[in-house]
Novice: 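Here it is: the structure, laid out below.
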Amino acid sequence: MQEKDDLDLKEKVSLNFLERIIEDDLANDRVPNGTIVTRFPPEPNGYLHIGHIKAICINFGLAATYGGRCHLRLDDTNPEKEEQEYINAIKKDIRWLGFDWGTHEYYASDYYQNLYEIAVRLIEEGKAYVDSLSAEEMRTYRGTLTEAGKNSPYRDRSIEENLTLFEEMRQGKHPEGTHILRAKIDMSSPNINMRDPALYRIKFAHHLRTGDRWCIYPMYDFTHPISDALEGITHSICTLEFEDHRPAYDWATSIDGIKHTPHQYEFARLNINYLVMSKRRLLNLVKLGIVTGWDDPRMPTISGIRRRGYSPESMKDFINRVGVAKVEGVVDYSLMEFCVREDLNKRSDRLMVVLDPLKVIIDNYPENKIEYFEAVNNPEDPNSATHQIPFGRELYIEREDFMEEPPKKYHRLYPGNEIRLKYAYYIKADSVVKDEQGTVTEVHCTYDPLSKGGTTPDERKIKGTSHWVSATECVTIEARLYDKLFLDENPGKSTGNYLDDLNPDSLVIVPEAKAEPEILSAKVGDYLQFIRNGYFCRDTTDGQDGKLIFNRTVTLKDSWAKMKKKMGM
RNA sequence: UGGGAAGUCGCCAAGCGGUUAAGGCUCUGGUUUUUGGUGCCGGCAUCGGGGGUUCGAAUCCCUCCUUCCCAGCCA
């Protein structure tokens with residue numbers, strides 16, 4: 001026990017770099033009121049995915065551990081791409097993970113007026129100007145990575161002219177692309193983001209929240225830091241690709257009149273092999289109809305994994321185990337599966353479902369007799385309830401669980417071998433019936449009445465235990481067996497196109513799986529284990545008409561499959 | 001070849017001048033087991049390379065190498 005306490009202590013002492021920064025800031029009185037304020041600022045132009053879970057956990061998590069708060073801010077500065085559907089989904093997904101932003105729900109568009117006034121002030125101070133170069137010309141003037149840029153010929157317009165033009169832009173007197181407001185910083189900066197970054201562009205687009213009030217929209221580098229400052233964010237945490245933007249961030253938060261100075265810190269985004277995570281690619285999968293939607297259980301979106309049956313707890317645990325650092329890496333898909341299995345093993349009720357039925361007839365068992373056996377719902381839970389399972393003369397077992405000519409180490413059913421039917425009896429295979437093609441259609445067995453419940457007085461060892469259902473009392477369900485969407489751990493890396501690495505078997509539908517009647521009590525949201533087959537959940541979307549559809553969340557670990565592979569089968 | 005960042009076990013990741021270089025996943029032996037699941041026990045690195053500083057370096061300095069990001073009126 002003492003040792004365990006020491007370990008816990010050690011774990012707490014090991015802080016990630018963000019926690020270290022925060023603790024240092026707190027200790028040195030650099031945090032107003034000692035209140036840490038973070039924010040999660042998604043752009044509502046798509047669904048949130050697993051990568052966002054990391055950002056959500058970091059921002060909400062840090063706020064929680066240091067007694068601060070985390071704002072939800074929808075970064076809606078590009079009306080052409082943003083939709084209400086995405087806003088709704090984003091909020092639902094964050095709540096599903098168990099985080100709460102309370103009253104702190106903000107929109108970048110809330111600050112359009114402030115931003116506009118700040119822009120005018122910058123012009124008045126000679127720190128911003130209206131450029132009338134075309135987009136292509138601007139690119140030319142910007143220079144390259146290795147060559148400095150050139151000043152725009154419009155850079156030295158008078159303050160009055162700038163003011164007039166900007167006002168006309170706001171009034172909609174100029175077409176898109178004709179003018180743009182830029183910060184006057186330094187066209188020769190080695191950091192391209194500082195070569196007079198664009199502040200405002202003209203867009204005659206209807207905005208979700210501000211409607212047609214504006215036809216000029218502020219850019220990220222201008223909007224984001226000022227939004228942070230206005231909200232009193234203390235630690236603005238983003239991903240590594242924004243490191244180059246930090247000087248722009250600091251420039252914006254240093255504008256005269258800005259009262260609060262937040263700071264930006266960057267961490268490495270989450271990458272997981274076998275998954276594609278970019279919004280562009282995900283949107284493409286949806287548009288091309290490769291998946292049924294953003295919430296297709298094969299999608300790495302939060303709504304997808306929720307529908308697949310992943311628990312929010314397992315995802316948060318996963319993020320925790322991955323850690324937070326600045327090293328760009330790729331986490332193994334297997335770590336995520338481990339976290340899901342670990343959580344689901346503890347919480348899911350067990351059920352017997354036969355996915356690929358093979359009929360078993362117990363010749364020495366009375367016809368028409370049905371007896372019931374008691375099964376523990378969850379053997380991992382000492383307080384678990386139990387339920388009854390009907391047993392009879394005709395059963396179904398998994399086709400995989402019988403072989404006429406078994407390989408070495410196969411200890412399931414085969415002629416002459418005895419196995420245990422979980423909770424029920426021992427049976428021994430005697431003979432088989434085949435169809436014209438030679439496929440086994442029935443296995444005739446004998447049972448041992450002394451083995452009732454799964455043990456015998458002579459305590460003889462039985463190596464194999466199979467799950468089963470009564471052929472007459474079972475319920476037919478549809479099982480959807482999901483697997484990875486991509487076959488290559490880095491989709492598109494070797495083929496050049498990620499769509500070429502699609503897994504043709506990412507969804508295998510079993511239209512008529514046979515389940516024990518207890519499955520009728522399964523509700524949407526229940527976490528289930530189909531014994532020996534994996535974790536499943538009731539589908540939330542396609543099962544609404546009462547149809548029994550179950551999604552496979554993840555398989556169980558399968559060391560037999562591994563052994564078969566090793567033996568070259 | 002400009003600027004920014006990163007390199008510790010197959011994958012993450014602790015470590016912050018003195019440790020036998022944590023831990024987790026994967027893999028791999030064994031064991032328990034009415035799920036070939038779970039659980040339990042065990043195995044698995046000298047820190048990108050080379051110099052240097054120091055009694056002592058993964059930790060400090062120099063240098064080289066490799067990888068990632070940036071030339072949207074996207075975020």
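Order of the sequence lines sets the chain letters (A, B, ...), proteins ahead of strands, with each chain counted from 1. Predicted model, so just to flag it, every value in this text is computed and none were measured.
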Novice: Mind checking what makes salt bridge (charged side-chain N to carboxylate O under 4.0 Å, His left out) contact with E380(A), not counting sequence neighbours?
Specialist: none

Novice: Generate the contact string for nucleotides 64-71 of chain B. Rules: B means base contact, S means sugar-phosphate contact only, - means no protein heavy atom under 4.0 Å.
Specialist: ----BBBB

Novice: Does one side chain, of H207(A) or Y217(A), offer a donor that lies under 3.5 Å from an acceptor on the other?
Specialist: no

Novice: Could you pull out all residues at least two apart from E80(A) that satisfy side chain to side chain donor-acceptor pair (under 3.5 Å)?
Specialist: K203(A)

Novice: For RNA chain B, find the residues of residues 417-428 of chain A with a heavy-atom distance under 4.0 Å and give them by number; none if there aren't any.
Specialist: R420(A), K422(A), Y423(A)

Novice: Using the P atom in both, what is the distance from C40(B) to G52(B), to the nearest Å?
Specialist: 49 Å

Novice: Answer with base, sugar-phosphate or nothing: what part of the nucleic acid does V376(A) contact at a heavy-atom distance below 4.0 Å?
Specialist: nothing

Novice: Taking the inter-plane angle between the rings of W560(A) and H411(A) on a 0 to 90° scale, is it parallel (under 30°), tilted (30 to 60°) or perpendicular (over 60°)?
Specialist: tilted

Novice: Could you work out, with side chain to side chain donor-acceptor pair (under 3.5 Å) as the rule, every residue matching R412(A), not counting sequence neighbours?
Specialist: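 Counting only residues at least two positions away or on another chain, R412(A) forms a side chain to side chain donor-acceptor pair (under 3.5 Å) with D401(A).
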
Novice: At under 4.0 Å between heavy atoms, how does the protein contact nucleotides 36-47 of chain B? Give one character per nucleotide, 5' to 3', with B, S or -.
Specialist: BBS---------

Novice: Write down the distance separating the C1' atoms in U8(B) and A57(B), rounded off to the nearest Å.
Specialist: 14 Å

Novice: Please determine if a side-chain N or O atom of K279(A) lies less than 4.0 Å away from the OP1 or OP2 oxygen of C74(B).
Specialist: no

Novice: Using OP1 and OP2 only, check whether a side-chain N or O of S14(A) sits under 4.0 Å from G23(B).
Specialist: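 So the side chain of S14(A) is outside the cut-off, no N or O lying under 4.0 Å from OP1 or OP2 of G23(B).
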
Novice: For the side chain of E137(A) and the backbone of S134(A), is there at least one donor-acceptor N/O pair under 3.5 Å apart?
Specialist: yes

Novice: Taking the P atom of each, how far is G10(B) from C44(B), in whole Å?
Specialist: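 That atom pair is separated by 14 Å.
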
Novice: Rounded to whole angstrom, note down the P distance from U67(B) over to C11(B).
Specialist: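 These two P atoms come out 16 Å apart once rounded.
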
Novice: Can you tell me, in whole Å, how much space there is between the C1' of U33(B) and that of U26(B)?
Specialist: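 Roughly 24 Å separates the two C1' atoms.
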
Novice: Tell me, please, which residues at least two apart from R157(A) pass salt bridge (charged side-chain N to carboxylate O under 4.0 Å, His left out).
Specialist: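 Listed in chain order: E161(A).
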
Novice: Of all residues at least two apart in sequence or in a different chain, which pass the side chain to side chain donor-acceptor pair (under 3.5 Å) check with S109(A)?
Specialist: D76(A)

Novice: Cation-pi between R170(A) and Y116(A): NZ/CZ under 6.0 Å from ring centre and within 45° of the ring axis?
Specialist: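 Because its charged atom sits under 6.0 Å from the ring centre and within 45° of the axis, R170(A) does stack over Y116(A).
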
Novice: Hey, can you pull the residues of residues 166-184 of chain A with a non-hydrogen atom under 4.0 angstrom from RNA chain B?
Specialist: G177(A), I180(A)

Novice: So if I take every side-chain heavy atom of D332(A) and compare against C73(B), C11(B), U26(B), which nucleotide ends up nearest?
Specialist: C11(B)

Novice: What integer number of Å spans the P atoms of G30(B) and C65(B)?
Specialist: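 To the nearest whole Å, 48 Å.
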
Novice: Write down the partner of U66(B) under the Watson-Crick or G-U wobble criteria, each distance required to be under 3.5 Å.
Specialist: A6(B)

Novice: Using the side chain to side chain donor-acceptor pair (under 3.5 Å) criterion, which residues pair with Y86(A)? Sequence neighbours excluded.
Specialist: none

Novice: Not counting sequence neighbours, which residues clear side-chain contact (heavy atoms from CB on, under 4.5 Å) with P491(A)? List them please.
Specialist: V276(A), F486(A), Y498(A)

Novice: Counting Watson-Crick and G-U wobble pairs only, both distances under 3.5 Å, name the nucleotide matched with A13(B), or none.
Specialist: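 Pairing partner: none.
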
Novice: Only pairs at least two apart or in different chains count here, so list each salt bridge (charged side-chain N to carboxylate O under 4.0 Å, His left out) that has a residue in residues 318-340 of chain A.
Specialist: E243(A)-K326(A), E266(A)-K326(A), D317(A)-R321(A), R321(A)-E342(A), E337(A)-R341(A)

